[in-house]
Number of protein chains: 2
Amino acid sequence: MTPRPGARQRLLDAAEELFASGGFAGTPVDAVLARAGVAPATLYAHFGSKTGLQAAALAARLRRWDDVWSAAVAAAPDDRARLLAVFDALDAFGTGGTPSRWCAFLDAAAGAPADDGTAVAALAEDTALLRGRLRELAAPVAGEDAAELAEHLLVVVTGALAMALRTDPARATAQGRATAAALVDRWR
Amino acid sequence: MTPRPGARQRLLDAAEELFASGGFAGTPVDAVLARAGVAPATLYAHFGSKTGLQAAALAARLRRWDDVWSAAVAAAPDDRARLLAVFDALDAFGTGGTPSRWCAFLDAAAGAPADDGTAVAALAEDTALLRGRLRELAAPVAGEDAAELAEHLLVVVTGALAMALRTDPARATAQGRATAAALVDRWR
DNA sequence: GTCTATAGTAGGATAGAC
DNA sequence: GTCTATCCTACTATAGAC
């Protein structure tokens, strides 16, 4: 790793941290520029707009989330733990950087002006990743009902992310894990 | 009901509809004024600020939600249906006005600048209402485990609200109901 | 209480030099 | 590619008349 990453990478890092903690709409471009130590024109040369930067930052975040989740699954001892590892991953993902009150993908879709396809597409990718992997991991536990169980867990994971707004994030993931466990145990 | 409500009420109605559909941050004051047919100064005379208007609109919305939910509970035939009636209420609440992609209370808290106590307080009231009534309704079904079941259902209801961003709201509530039913049936 | 008109400001984006 | 400096729009809020 070079001592100081290029402007593009610094912008992505700054955007991911600030958007995740303060929300996309609530984070001015100036704040990202200041944190990255970069001039306005550089941002627009690379990403075209604030929304373009958001899209790139979300794509990077999705890859990172994918990695963290994979690692959590690999570390789990059995099928049941692998299925519930998504909550370990959420804990690890949250404490990895700036503490985020809220899921960046849901935030992006919630704040988008309804005609902005960028944020919706990013959330769709996140949803597809969650649904797909939950189905794979549910198969050894629920067999033919894997798809059904995966849909239940998708609701619970999404609920845990949103519960971070109602209570503190640590409690939110803990409760989500408990609820998911109660569901999974129906198929034991 | 008078033919044309006063400016204050028209502002509240317009704010509730527009904030719910387009989000608080994404809805300019001008849009609320145009829909209400009211001049800027009138808004500030009544509510002091855009945030003040939001607070009043959220309070009105919470009362309306309380009523809709109560009605749905009253219409349910048995204990299990009364506990799951929250999803009927969500369907009825959504179709009542402008179709909202998203929960106004969660939106308010997600979009708030983190130091704004107004939105956080409104979300806390909403959370308290949900948790409290879910516990009452869970008692006949789960007995001593009512509090535990209520926490599970709080996650699922919150998840259903957030799932409205991932998919269409009707599917979100339907899936939420299914997940909640699976949980409730653990206590049968 | 309500209006018309306007002030003040913040945020997103660009022009042009190096 | 990057910087300095600046423009322009859109928004919140207010002043003053009726």
Side-chain angles (χ1 to χ4, degrees), chain A residues 2-58 104 107-108 110-119 122, chain B residues 2-58 107-108 110-119:
Chain A
T2 51
R4 188 162 199 245
R8 182 187 177 88
Q9 190 58 47
R10 293 208 310 280
L11 279 169
L12 283 174
D13 292 344
E16 203 189 323
E17 285 195 26
L18 293 177
F19 291 166
S21 65
F24 177 73
T27 304
V29 172
D30 297 8
V32 180
L33 295 171
R35 176 174 260 268
V38 161
T42 305
L43 187 158
Y44 291 96
H46 279 288
F47 302 104
S49 69
K50 187 187 178 186
T51 303
L53 174 60
Q54 180 192 32
L58 286 177
D107 167 71
D115 65 331
D116 176 17
T118 308
Chain B
T2 51
R4 188 162 199 246
R8 182 187 178 89
Q9 190 59 46
R10 293 207 310 280
L11 279 168
L12 283 173
D13 293 343
E16 203 189 323
E17 285 195 27
L18 294 176
F19 290 166
S21 64
F24 178 72
T27 304
V29 171
D30 298 9
V32 180
L33 296 171
R35 176 173 260 268
V38 161
T42 305
L43 188 159
Y44 290 94
H46 278 289
F47 301 104
S49 70
K50 187 187 177 186
T51 302
L53 173 60
Q54 181 192 31
L58 285 177
D107 166 72
D115 65 331
D116 175 17
T118 307

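The chains referred to below are lettered A, B, ... by the order of the sequence lines, with proteins before strands, and numbering in each begins at 1.
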Heavy atoms only: give me the nearest [X]-[Y] pair and the separation to one decimal.
X: A:Ala108; Y: A:Ala119; result: O-CB, 3.4 Å
X: A:Lys50; Y: A:Tyr44; result: N-CE2, 4.3 Å
X: B:Gly52; Y: B:Ser49; result: N-OG, 3.0 Å

Tell me the interatomic distance from [X], atom [atom1], to [N], atom [atom2], rounded to whole angstroms.
X: B:Leu33; N: D:dT14; atom1: CG; atom2: C1'; value: 14 Å
X: A:Leu43; N: D:dA5; atom1: CG; atom2: P; value: 19 Å
X: B:His46; N: D:dT14; atom1: NE2; atom2: P; value: 15 Å

Side-chain donor/acceptor of B:Asp107 to backbone N/O of B:Phe24, under 3.5 Å: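 Yes.
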In 5'-to-3' order, the base (B), backbone-only (S) or no-contact (-) status of each nucleotide in nucleotides 3-16 of chain C, using a 4.0 angstrom heavy-atom cut-off, is BBB-----SSBBB-
Compile the donor-acceptor pairs under 3.5 Å between side chains in residues 25-43 of chain B and protein atoms, sequence neighbours left out, one pair per line.
from: B:Thr27; atom 1: OG1; to: B:Leu18; atom 2: O; distance (Å): 3.4
from: B:Thr27; atom 1: OG1; to: B:Gly23; atom 2: O; distance (Å): 2.6
from: B:Arg35; atom 1: NH1; to: B:Glu17; atom 2: OE1; distance (Å): 3.0

